[in-house]
Amino acid sequence: VFVKLQPRAETLGAALRQATPEALPEAWAVSIFSEELARGGPGFGVSLLLSTYEKQLRKILGAEAWQMVSVTDRRLGKLVVVPEMRGEDVLDGATVLLTEKLSGEEDPPEGAVAVLTPDAVDVLSHVAVRARTMGIFLATCFDADVWESVRQLTGQHVSVSAKAGAVMVEVAAEAAGGADTAATSAGLAGKKVTVPRPAPSEELWVQEDAISACKAAGAKSHNLVALRNALPDWIQIPQSAVVPYGVLDRVLRSPENATAARIYQEISAELSGSPAAADARLQEIRKLIHGLQPPAQLMPALQAAVEAHGASAGDARWWEALTAVWASSWNDRAYHACRRAGIQPSDVAMAVLVQRIVPAEYSFVVHTRHPTGDPSELYAEIVLGLGEVLVGNYAGRALAFAAPRDGSAAPRVTCLPSKGVAMSGSGLIFRSDSNAEDLEDFAGAGLFDSITARETSERVLRYAGEPLVDDAAFREKLLKGIASLSMAVEKAAGGGPQDIEGCYAGGKYFVVQTRPQA
């Protein structure tokens with residue numbers, strides 16, 4: 001209701017405010033129109049009833065009130081309540097954040113040592129991976145009474161720790177900033193990361209068989225190329241190509257973009273400092289890159305290469321996807337996260353990995369060593385359709401399972417799915433492949449964008465009759481296949497724990513990305 005009606009309500013409300021002498025309706029009334037409409041319908045009452053049943057069901061099943069997403073040692077900080085988390089904020093000292101909403105696109109702000117939320121967070125979503133890399137405690141509370149008891153501690157210095165599957169939030173005997181520095185600093189606070197910057201490539205397009213020799217391509221593409229010959233035949237990898245680092249500079253040097261290049265240099269130089277209005281300038285530079293004109297000297301070769309890779313003849317939407325990935329070097333989340341780690345915008349060398357979209361029936365993410373549980377197990381999450389619903393932490397839960405790494409027992413389902421939508425798409429996807437991703441000491445997962453050349457579509461899910469839920473034999477076969485794939489990828493990647501993204505389509509298993517597990 002909100003997604004469909006609120007944009008229309010805001011458009012109509014703005015027009016009415018301009019047309020009426022009293023400037024009615026008031027802005028606050030417009031902002032809550034769709035929410036109040038939903039609350040007045042029968043669905044809201046049913047939702048409250050189901051919430052009550054959920055609490056009782058969790059009690060009967062012995063389920064904990066908390067879900068651990070990123071578990072650390074004890075953390076100390078001042079407890080602060082915010083409506084939503086903003087990565088660009090700088091908090092005043094060590095802070096335990098209680099955030100009412102967590103969409104999955106945010107980055108923990110500087111100063112946060114723990115983040116607690118009532119929003120469900122997929123353990124393998126990008127925001128969860130970044131929290132673990134940064135050493136930030138992250139957990140979801142499913143019990144409204146427990147949540148309210150924690151809120152009562154607002155403004156006090158508290159300790160946050162995990163004990164026997166529960167989160168303990170208690171008034172701290174010592175104030176944050178005291179002797180226990182490990183408890184008052186999230187893993188990378190103050191730690192600077194060195195990012196080697198490659199020389200720009202003179203190539204416009206690098207086919208898969210030449211990627212291994214291309215130093216201007218990123219870790220994503222190099223990892224996939226190395227995997228292809230090391231994996232068993234039953235595991236598929238989409239054909240890859242790369243627009244290497246250096247092509248954006250050539251586009252900016254073209255006569256068609258002379259004015260844009262001058263403005264780009266001015267803004268990028270300003271953003272390398274400490275501008276007061278960074279977010280506004282970031283928006284300007286993204287808009288500028290989105291608007292770059294295809295250079296006549298480069299376009300024929302690029303167009304031919306993209307069409308040979310799978311784009312429809314004459315379809316120029318790929319150019320919009322390519323420039324959008326370049327522009328994501330300057331998105332707010334990436335800019336602030338990089339600067340906190342000592343990475344200057346000029347250090348980021350953006351290559352772009354180009355793949356054909358697999359028409360996924362199911363997508364999954366696997367950590368081959370359980371990130372919050374038994375390290376002798378792997379952990380995976382699965383959604384219907386494309387994987388953005390999972391890594392982007394769309395509302396609801398993914399199906400989750402754990403399995404012994406040695407295959408000695410069948411996979412064990414730990415959470416049934418409740419995502420409300422599935423995403424589908426076709427054609428090409430342009431994926432960020434910069435030098436500021438897949439680093440051991442930097443949470444670069446999901447900071448930059450992946451963009452499809454064609455628009456994706458969403459469908460509302462009904463789980464009645466869905467094989468993932470209703471067909472036990474199919475589910476067991478799928479989960480065993482994913483578990484086997486995961487350990488095969490880990491072995492092919494050198495034996496270290498892996499963070500794997502993949503999918504299942506037409507009876508085949510695909511790997512679309514792997515990187516060392518954070």
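Keep in mind it's a predicted model, so treat the numbers as computed, not measured.
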Can you tell me how far [atom2] of [Y] sits from [atom1] of [X], rounded to the nearest 0.5 angstrom?
X	Y	atom1	atom2	value
W330	L271	CH2	CG	5.5 Å
T133	Q517	OG1	CD	9.5 Å
S159	R75	OG	CZ	12.0 Å
E388	Y394	CD	OH	5.0 Å
M487	D406	CE	CG	8.5 Å
L399	T414	CG	OG1	7.5 Å

Exercise. Given the rule in the side-chain contact (heavy atoms from CB on, under 4.5 Å) test, do I482 and I500 qualify, once you have shown the distances and angles that lead to the verdict?
Worked result: CA-CA 10 Å; I482 293 172; I500 304 164; over 6 Å; no
Can you find a heavy atom in the side chain of [X] that is under 4.5 Å from one in the side chain of [Y]?
X	Y	value
R515	E437	no
V146	W66	yes
V69	V115	no
C141	V167	no
P109	L97	yes
R132	H367	yes
R340	M134	yes
L76	H157	no

For this session: Scan R86, R286, R281 and name whichever one has a salt bridge (Lys or Arg N to Asp or Glu O under 4.0 Å) with D332.
Result: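 Considering R86, R286, R281, a salt bridge (Lys or Arg N to Asp or Glu O under 4.0 Å) with D332 is found only for R286.
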Under a 4.0 Å N-O cut-off, is there an ion pair linking [X] with [Y]?
X	Y	answer
D122	K419	yes
R151	E100	yes
K287	E284	no
R431	E501	yes

Heavy-atom closest contact ([X] atom, [Y] atom, distance):
X	Y	result
V421	V389	O-CG1, 3.9 Å
P404	A410	CD-O, 4.3 Å
M350	S329	CE-OG, 3.4 Å
A505	P359	CB-O, 3.4 Å
T372	S70	CG2-N, 4.4 Å
A334	L447	CB-O, 3.8 Å

Exercise. Among pairs that include at least one residue of residues 407-416, which meet salt bridge (charged side-chain N to carboxylate O under 4.0 Å, His left out), considering only residues two or more places apart or in two chains?
Worked result: E377-R412
Side-chain donor/acceptor of [X] to backbone N/O of [Y], under 3.5 Å:
X	Y	answer
T72	I136	no
T95	G93	yes
N223	Q513	no
E381	V123	yes
R405	T368	yes
E84	T99	no
S418	R397	yes
S328	D449	yes

Problem set entry | Derivation of the side-chain contact (heavy atoms from CB on, under 4.5 Å) call for L116 and W147 | CA-CA 9 Å; L116 308 176; W147 179 252; 4.0 Å; yes
For this session: For residues 466-481, pull every pair meeting side chain to side chain donor-acceptor pair (under 3.5 Å), keeping only residues two or more places apart or in separate chains.
Result: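 For residues 466-481, and leaving out neighbouring residues, the side chain to side chain donor-acceptor pair (under 3.5 Å) pairs sorted by first residue read Y362-E466, E476-K480.
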Problem set entry | Enclosure of Q283 CD (heavy-atom neighbours >12, cutoff 6.0 Å) |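 Open.
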Exercise. Got a sec: does the CD of E455 have more than 12 other heavy atoms crowding it under 6.0 Å?
Worked result: no
Exercise. If we ignore angles and hydrogens, is there a donor and acceptor under 3.5 Å between the side chains of R459 and S424?
Worked result: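 No pair is found: no donor N or O on one side chain lies under 3.5 Å from an acceptor on the other.
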For this session: Indicate whether the side chain of T140 and that of T117 have a donor and an acceptor atom separated by less than 3.5 Å.
Result: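 Side chains of T140 and T117: no pair found under 3.5 Å.
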Problem set entry | I357/S426 under side-chain contact (heavy atoms from CB on, under 4.5 Å): CA gap, chis, key distance, verdict | CA-CA 6 Å; I357 295 175; S426 61; 5.7 Å; no
Exercise. What pairs with Y463 under ring pair (Phe, Tyr, Trp, His ring centres under 6.0 Å), at least two apart in sequence or on another chain?
Worked result: none
Exercise. Can you check side-chain contact (heavy atoms from CB on, under 4.5 Å) on K220 and Q355, steps first, answer last?
Worked result: CA-CA 11 Å; K220 285 180 185 174; Q355 294 176 312; over 6 Å; no
